[in-house]
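This chain uses plain numbering: 1 for the first residue, then up along the sequence. Here the structure is a predicted model, which means the values were calculated and not measured.
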Amino acid sequence: MALKPTIFKFSVSLSDLERGYYDTLNLTIAQHPSETTERMMARVLAFCLNASEHLNFTPGLSTPDEPDISEHSLDGQFLLWVDVGEPGFERIKKASRIAKAVKVYSFNTKSDVWWRQEQEKFEGLSVSLMQFPWPDIEALAKLVQRTMELSVTITCDSVYIATPLGEVDVAAISLST
């Protein structure tokens, strides 16, 4: 018998001061049985950083050929491909051919090692690479409840998240290519 995903419901009051984007997002997130809470929250942060009317979570880990988050035009073209984690170069190279914009949000304890090993390969690709420091993501994951309200404020290279259980400031560090 296959394990089923765990469903989380977040009401997010989003203030993106960098883009001048303000919205209330009602997110229903399916956490795959093999996905950690830290990875799920990195997906939520990536969603908030790119929030728009047509942005969607994809089935994620259960469909390996799709991004974690995507945005399509009305005619079905990929406008945005977002991967969370440390994807392989070939995957991102393929994504950059089919999507107008590709973004990667790295967050893991092995993130620095992955970037040192892959940095040269990514040069020349039109890809935005960001890193969330692991201690910040760990602190955020400790605040998670199955149903919760979050206030998310984005400024410069920082994402401030307030929840009923506490607050955390997550750095969004740009990795240059």
Side-chain angles (χ1 to χ4, degrees), residues 14 16-21 25 27 29-32 34-73 75-141 152-161 168-177:
L14 177 64
D16 187 336
L17 304 177
E18 293 304 300
R19 294 187 300 148
Y21 185 87
L25 309 172
L27 304 177
I29 299 149
Q31 182 184 20
H32 190 275
S34 67
E35 182 178 38
T36 65
T37 303
E38 290 82 3
R39 185 180 191 285
M40 179 187 71
M41 292 311 293
R43 284 194 300 132
V44 170
L45 288 178
F47 191 95
C48 290
L49 285 164
N50 295 284
S52 69
E53 183 180 352
H54 300 291
L55 194 67
N56 292 300
F57 286 107
T58 65
L61 294 175
S62 61
T63 53
D65 292 337
E66 290 189 31
D68 292 300
I69 299 167
S70 68
E71 181 178 10
H72 290 82
S73 64
D75 64 355
Q77 298 292 316
F78 259 112
L79 297 177
L80 178 62
W81 174 297
V82 177
D83 266 351
V84 174
E86 291 77 35
F89 170 74
E90 290 301 322
R91 174 180 173 84
I92 299 305
K93 182 179 174 183
K94 176 184 169 190
S96 68
R97 284 189 294 234
I98 62 174
K100 288 191 179 200
V102 177
K103 296 184 179 185
V104 175
Y105 293 90
S106 177
F107 69 93
N108 221 315
T109 55
K110 62 185 178 192
S111 186
D112 290 331
V113 173
W114 167 80
W115 181 239
R116 281 193 301 273
Q117 292 174 346
E118 301 292 321
Q119 184 174 5
E120 281 186 22
K121 294 178 187 175
F122 281 95
E123 287 181 17
L125 282 185
S126 181
V127 176
S128 170
L129 297 135
M130 301 290 288
Q131 180 184 35
F132 300 132
W134 178 247
D136 296 355
I137 293 296
E138 275 186 314
L140 178 59
V152 177
T153 304
I154 300 168
T155 59
C156 294
D157 57 356
S158 178
V159 183
Y160 177 78
I161 303 104
V168 65
D169 195 7
V170 178
I173 303 163
S174 177
L175 302 173
S176 58
T177 57

Novice: E18 side chain to C156 main-chain N or O, any donor-acceptor pair under 3.5 Å?
Specialist: yes

Novice: Parallel, tilted or perpendicular: which describes the rings of F78 and H72, with under 30° parallel and over 60° perpendicular?
Specialist: tilted

Novice: Supply the atom-to-atom distance W81 CH2 to D68 CG, rounded to the nearest 0.5 angstrom.
Specialist: 9.5 Å

Novice: Which heavy atom of V84 sits nearest to which heavy atom of R39, and what is that distance?
Specialist: O-NH2, 3.2 Å

Novice: Apply side chain to side chain contact (heavy atoms under 4.5 Å, CB included) to the pair V102 and L80, showing each step before the final yes or no.
Specialist: CA-CA 6 Å; V102 177; L80 178 62; over 6 Å; no

Novice: Could you check V82, I92, V104, T58 and say which one makes a side chain to side chain contact (heavy atoms under 4.5 Å, CB included) with P67?
Specialist: T58

Novice: Set out, in order, the CA-CA distance, both residues' side-chain angles and the distance that settles side chain to side chain contact (heavy atoms under 4.5 Å, CB included) for L129 and W115, then state yes or no.
Specialist: CA-CA 10 Å; L129 297 135; W115 181 239; 3.5 Å; yes

Novice: Does the plane of the ring in F57 sit parallel, tilted or perpendicular to the ring in F47? Use 30° and 60° as the thresholds.
Specialist: parallel

Novice: Looking only at atom types and distance, does a side-chain atom of N56 sit under 3.5 Å from a main-chain N or O of S70, one as donor and one as acceptor?
Specialist: no

Novice: When rounded to the nearest 0.5 angstrom, what distance separates SG in C48 from CG in L25?
Specialist: 6.0 Å

Novice: For H32 and S34, does a side-chain donor sit closer than 3.5 Å to a side-chain acceptor?
Specialist: yes

Novice: Once rounded to the nearest 0.5 Å, what's the spacing between atom CZ of R43 and atom CG of L27?
Specialist: 10.0 Å

Novice: Taking the side chain as every heavy atom from C-beta outward, state whether T155 and Y160 have any atom pair closer than 4.5 Å.
Specialist: no

Novice: For a quick test of reading the model, state the closest non-hydrogen atom pair linking M40 to Q31 and the distance between them.
Specialist: SD-CB, 3.8 Å

Novice: Whether the Y21 and N50 side chains hold a donor-acceptor pair (N or O, under 3.5 Å, no angle test) is what I'd like checked.
Specialist: no

Novice: Drop me the distance from R97's CZ to L125's CG, to the nearest 0.5 angstrom.
Specialist: 9.5 Å

Novice: Report the distance from atom CE of M130 to atom CD1 of I173, rounding to the nearest 0.5 Å.
Specialist: 8.0 Å

Novice: Please determine whether side chain to side chain contact (heavy atoms under 4.5 Å, CB included) holds for the pair W114 and Q119, giving the CA-CA distance in whole Å, both sets of side-chain angles, and the decisive distance to 0.1 Å.
Specialist: CA-CA 8 Å; W114 167 80; Q119 184 174 5; over 6 Å; no

Novice: Supply the atom-to-atom distance K110 NZ to R116 CZ, rounded to the nearest 0.5 angstrom.
Specialist: 14.0 Å

Novice: Can you see which heavy atom on D75 is nearest to which on Q77, and at what distance?
Specialist: OD1-CG, 3.2 Å

Novice: Return the minimal non-hydrogen interatomic distance between D136 and V170, and the atom names on each side.
Specialist: OD2-CA, 3.6 Å

Novice: Before giving the answer on side chain to side chain contact (heavy atoms under 4.5 Å, CB included), spell out for I137 and V168 the whole-Å C-alpha distance, their side-chain angles and the decisive distance to 0.1 Å.
Specialist: CA-CA 9 Å; I137 293 296; V168 65; over 6 Å; no

Novice: If we only count heavy atoms from C-beta on, is the I154 to L17 side-chain gap below 4.5 Å?
Specialist: no

Novice: Taking all atoms of both residues into account, what is the closest heavy-atom pair of W134 and E38, and its distance?
Specialist: CH2-CG, 3.5 Å

Novice: Is D83 paired with K103 through a side-chain N to carboxylate O contact shorter than 4.0 Å?
Specialist: no

Novice: Using the test side-chain hydrogen bond (donor to acceptor under 3.5 Å, both in side chains), find all partners of Q131 that sit at least two apart in sequence or belong to another chain.
Specialist: S111, D112

Novice: Closest approach of P133 and A171, non-hydrogen atoms and distance?
Specialist: CD-O, 3.2 Å

Novice: Between E71 and S52, do the side chains contain an N or O donor and an N or O acceptor separated by less than 3.5 Å?
Specialist: yes

